[in-house]
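We count ligands from 1, going down the list as the structure has it; atoms in each ligand are counted the same way.
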Amino acid sequence: MRRHSAPRTVRALVLLLFAALAAAACGKEGSPPTKGPAAGKLPHYAVAQGFQLPDSSTWKRAKSRGYFTVGAKEDQPYLGEKDPATGTYSGFDIEIAKMMSASLGFDPGTIRFKTIASANRETALQNGQIDYYVGTYTINDNRKKLVGFAGPYYMAGQGLLVRTDENDIHGPQDLDGKRVCSAAGSTPYQRIQQDYPKATLVAYDTYSVCVDNLLTYQVDAVTTDDAILIGYAAKVPKELKVVGKPFSQEPYGIGVPRADNALRFALNDALAAREKNGDWKKAYDATLGLSGVPAPQPPAIDRYPAS
Ligand code: GLU
């Protein structure tokens, strides 16, 4: 079938108009998307001067190259989001990554972020692709066998995202026979598999692909941490809603190479200091706090010994 198309000049003018409108809406170069954190409102983190961590091989390697390589997510609103136009990452996890870099003596502006999916975090830390990882990464004993964790810096809980026209799903007990999407290698995926075996699980690399599948009626629900789901629902509140109460505890940690206890201990100290001096709360308010949930008390830091 042939579609009628406007004459070329008219189309060109319309495109120009859109470009002008988009530029006006964006403001100066590098502005994040409208609903994301405003760059001007983000806190600045004092960079530790003369900081040394000679016992950490990760820190020494970063020192010789001049910056940290940090693993993160790029499609999780309010937490870790990459602006496709500028390549800039923003969100609460990104702020945590920045304040940690500053505490370890590196200007946060020098960080090179690398998007790493849930299923690839352990390998990325093990093979030195990244120095540390900040991206909704739940601390648990299984993962502690493979990597180290500083923190936790935030406590999330597993939840469910459905379409607003869905009336049958109110909690995980309603998932029997339903198609439920989550990210491969994630704790929410594992929990549904173990505790709700009558649900039909669908796995993708990322939650944003799950959300696309939900919007197009390929799946009935998306499950992961409430903090992540709230961000997707906020983007299209007419289409999506978070239902029920959180049904797990997901303490978010900063992933580090397992053998690098010196780095883990330094990050725990850095986190404690940033919670105390108000930077943690400022970072929360400027990012995840925009979802409407007021800043909680940060969870107690788990300073488990080297093994
Ligand atoms: N916090 C959960 C996990 O680490 C879900 C979020 C994610 O996949 O990053 O598996």
Margin query: Under the side-chain hydrogen bond (donor to acceptor under 3.5 Å, both in side chains) definition, can you give me all pairs with a residue in residues 242-263, not counting sequence neighbours?
Written below: S56-D260, T58-D260, T138-E250, T187-E250, R191-S248, R191-E250, D225-Y252, S248-E250, R258-S307, N261-R264

Check: Are I230 and I169 connected, step by step, through hydrophobic side chains (Ile, Leu, Val, Met, Phe, Trp, Tyr) whose heavy atoms are closer than 4.5 Å?
Finding: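 Result: no, two separate clusters.
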
Margin query: Side chains of S118 and K73 only: does a donor on one sit below 3.5 Å from an acceptor on the other?
Written below: yes

Checklist line | Counterpart residues, salt bridge (charged side-chain N to carboxylate O under 4.0 Å, His left out), relative to R303 (two or more places apart) | finding: D269

N/O donor to acceptor pairs below 3.5 angstrom from side-chain atoms of residues 194-203, sequence neighbours left out:
none

Check: What do the steps show when you test T136 against Q76 for side-chain hydrogen bond (donor to acceptor under 3.5 Å, both in side chains), and what is the final call?
Finding: CA-CA 9 Å; T136 61; Q76 298 185 171; 3.1 Å; yes

Are there any N/O pairs under 3.5 Å between ligand 1 and the protein, and if so, what are their distances?
| from | atom 1 | to | atom 2 | distance (Å) |
| --- | --- | --- | --- | --- |
| ligand 1 | 1 (N) | T136 | O | 2.8 |
| ligand 1 | 1 (N) | T138 | OG1 | 2.7 |
| ligand 1 | 1 (N) | D225 | OD2 | 2.6 |
| ligand 1 | 4 (O) | R121 | NH2 | 3.0 |
| ligand 1 | 4 (O) | T136 | O | 3.2 |
| ligand 1 | 4 (O) | T138 | N | 3.0 |
| ligand 1 | 4 (O) | R143 | NH1 | 2.9 |
| ligand 1 | 8 (O) | S118 | OG | 2.6 |
| ligand 1 | 8 (O) | Y207 | OH | 2.6 |
| ligand 1 | 9 (O) | K73 | NZ | 2.7 |
| ligand 1 | 9 (O) | S118 | OG | 3.4 |
| ligand 1 | 9 (O) | R121 | NH1 | 2.9 |
| ligand 1 | 9 (O) | T136 | O | 3.0 |
| ligand 1 | 9 (O) | T136 | OG1 | 2.7 |
| ligand 1 | 10 (O) | R121 | NH2 | 3.3 |
| ligand 1 | 10 (O) | R143 | NH2 | 3.0 |
| ligand 1 | 10 (O) | T187 | N | 2.9 |
| ligand 1 | 10 (O) | T187 | OG1 | 3.3 |

